[in-house]
Amino acid sequence: MAQTAGRHDAGIFTNSWNGRAYVSPDELLAGLTEPQRRAVTHGNGPLLVLAGPGSGKTRVITHRAAYLAQTATDPYHLLAITFTNKAANEMASRLDRLGIGMGMTCSTFHSLCARLLRIHHDRAGLRPNFTIFDTADQTAAMKDAIGRANLSADNYPPAGILSIVSRAKNDMVTPEEMRANARGFRDETFADLYVRYDQVLAEQNALDFDDLLIRTARLLSEHPDLRDQLEDRYRYVLVDEYQDTNRAQYLIARGLCLKRANLCVTGDPDQSIYSWRGADIHNILQFEGDFPRATVVRLEQNYRSTPRILAAADALIANNHKRKEKALWTENADGPAVRVAECEDQHAEAGFIAGEIRRHVEEGGRFGDVAIFYRINALSRNLEMALRSAQIPYQIARGVAFYQRKEIKDVLAYLRVAANPRDQVSLLRIINVPARGIGKTTVDHLVAAATRTGQPVLDILAKPDQVPGVSRAGRHLKLFATLLNDLATTARHGSLKDAVEFVVRNSGLIAMWDKGEDNDALANVEELINAAAEYDQQHLEGGGSLTDWLQGISLVSDVDAIEEESGAVTMMTLHAAKGLEFDTVFLTGLEQGLLPHERSATDLFELEEERRLCFVGMTRAMRRLTLTHAKWRDFRGMSQRRVKSQFLHELPKRGIEKLRIDIHGAGAGEDEEPDIPASSVDYLEWRKGQLVRSAQYGIGRLLWIQPRNRQTYAGVKFTSFGEKTLVLEYANLELVEEAD
DNA sequence: GGTCCAACATTTTTT
DNA sequence: ATGTTGGACC
């Protein structure tokens, strides 16, 4: 987690004067096109920058911030909200390079919110040391809530309930509103679980990711004086990737700009890929409605890609119906053809890519020029193996996965209890890890006592005599309580590194790993210790804390892990690729069920998002773009015949080079016969009004039916899911006979 | 209370 | 193929 720019606390980056030459406002505008210039020099009032891929958006935002800092206000009053910590950090660094004085704030929504909630915790009704629950913690909390409601996790899968609750939170729907809108017993149960889940979090002094946003939005709306104060601090607000903001984020951005309306948002509706996380594309589509005085600047010239790449991507995205048309164009010189490689199986695919990368380097290219994208993480393994055996250096954008490793989570759980003694999820995780004679029965007694008396489990540990049912284990409980106490003392007085090392040395975890012959565990934990030491180094003059460090870890994103100048091939999911660019891009697994993903194929809205995802991947490429798909792919131990992606049929006929790759990963001549897309049933015989059954949505009635683009779209009104627009070729509907 | 093995399913994407 | 969970057994 190397940071370059100035001082920061968990995810908040502030640029600092580094002695570089001051860049004048005129110099900031040099080399910018007319629209870019308009965006940079726009003064007060709302501004929407619709920026196509590769249109120099980052440059515009950075220069705009610098320009404002020189002509309008002190950088102290500037706030930029980016999508990842990495982007925030980079922005602060760029401002540094432009010689802009100290004080601008660059952050993600989540980091900013966490910070505001800690500072203003009393107003928010929180303790300053709250824990941020990740997905696994949330699941544990939800299981607890389901248990308290006397329900079974079999009928109410925690992950499923969590996604319902998360959706409600993203939309700023309270449990009360959910209950009021409940249609039937199940909905009421969901609302009930929502309340109980929030209760569990409150008891543990914990917030989930969504809470960070909605509590901040509420903080702003319920405390006008505080909002006023924040508005005076952040006089100019820039929000990047605005197409991926949700309702809560929208309210926060707006709440910070009520007085001055100096809100500048940038984004591209065609790159909206997070609706499954509650992002609402209407935020950007309706910006002009929200802010009637808004200035709109369109950046349509592309500086990144060759005309062929752009033409291919543009042809693809033109198949989306719900979009704002954009005229993408470029003056760049033409490059090699966009290639589509049909590979015999996934080994051929990976081998072909490895060979191509070798060739790229032999021809004078660098490994660092190359990126490989995939729809799902599971596809990375084959690629990794192929790159390793070809001795190609690579890095994977997997920042989050590191902190989700078992051994890392165990060590962090100790530290989290030290930072927040009410964190029961963490406490129960480690109470018997390593085994220290505290079994399930004892834990049940402890939790029962805690619930009954309203005391945190941690407090009860120290006085086991008062817990009914606990006798022999009492000794172990006391020892554990002492361990945690000593850790808390170390954490309070020593460095962060001291605290992490205390856990590793005194918890007994090392012995456990040795016994289990888990050699990676120790190495990974060493890395964690290094990260702690690095954090100590960055906070020699104070400002750091265990809570802050843990918060940073909770809010890391996958891309945060990638290094720009690593000299290695970069691999990542399509979602992580947003905002990046590479000379050479391989987009893998263009197969039905993978891209578009099978879970999205039946719903038109979701299908369009898959297409946008593909569009994002393609437009990352500057010079060379290769799309690959496999005829056979191993999945869950079985070899599966794969059908090429419908998106491949949507590419232009001209300017695309087709390759066929045999099992050795070698080219095997040209491929002619165009695959027939998946439509085989004649859906045109179906009539509106007919009753249909879907495995996913149950029974519904056809409202309308319409063929388009070699597919058949249909509107279906389902009894329990409402109206959906489906693609019949993938929806797998069956007709239902109606009784007379 | 702890350990080991077998049945089991398998969330796509992530702050 | 792989990682998790629950139950039998020590």
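Each chain gets a letter, A, B and so on, in the order its sequence line appears, and its residues count up from 1.
- Not one N or O on the side chain of A:Arg620 forms a donor-acceptor pair closer than 3.5 Å with the backbone of A:Lys578.
- The distance from atom CG of A:Leu379 to atom P of C:dT2 is 15 Å, rounded to the nearest whole Å.
- The residue A:Asp210 sits apart from the nucleic acid: no heavy atom pair falls under 4.0 Å.
- Side-chain polar atoms of A:Ser554 and A:Asp134 form no donor-acceptor pair below 3.5 angstrom.
- No contact: A:Ser554 has no heavy atom under 4.0 Å from any strand.
- Using a 3.5 Å distance cut-off with no hydrogens or angles, the side chains of A:Gln395 and A:Thr570 do pair a donor with an acceptor.
- Using a 4.0 Å heavy-atom criterion, one finds that A:Ser163 contacts no nucleic acid atom at all.
- Counting any heavy atom pair closer than 4.0 Å across all strands shown, A:Asp634 reaches no nucleic acid atom.
- Between A:Ala435 and A:Ile273, the residue whose closest nucleotide on DNA chain B is further toward the 5' end is A:Ala435.
- Using a 4.0 Å cut-off between charged nitrogen and carboxylate oxygen, A:Asp558 and A:Lys86 do not count as a salt-bridge pair.
- Under a 4.0 Å N-O distance rule, the pair A:Glu610/A:Arg375 qualifies as a salt bridge.
- Evaluation of the side-chain hydrogen bond (donor to acceptor under 3.5 Å, both in side chains) rule for A:Asn377 yields no partner, not counting sequence neighbours.
- A:Arg118 and A:Gln551 form a side-chain donor-acceptor contact under 3.5 Å, judged by distance and modelled atom types alone.
- Using a 4.0 Å heavy-atom criterion, one finds that A:Arg381 contacts the sugar-phosphate atoms exclusively.
- Among the heavy atoms of the strands lying under 4.0 Å from A:Asn432 are primed sugar atoms or P, OP1, OP2 only; no base atom is included.
- Residues A:Glu598 and A:Thr108 both approach DNA chain B. Their nearest nucleotides, taken by heavy-atom distance, put A:Glu598 toward the 5′ side.
- Nucleotides of DNA chain B with any atom under 4.0 Å from a heavy atom of chain A span, from 5' to 3', B:dG1 to B:dT15.
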Contact list (N/O, under 3.5 angstrom) for nucleotides 5-10 of chain C vs protein:
none

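- A cation-pi arrangement is present between A:Arg641 and A:Trp632 under the rule of less than 6.0 angstrom and at most 45 degrees off the ring axis.
- Taking the six-membered ring for Trp and thresholds of 30 and 60 degrees, A:Phe83 and A:Tyr274 have ring planes inclined between 30 and 60 degrees apart.
- With P as the reference atom, B:dT13 and C:dT4 are 15 Å apart, rounded to whole Å.
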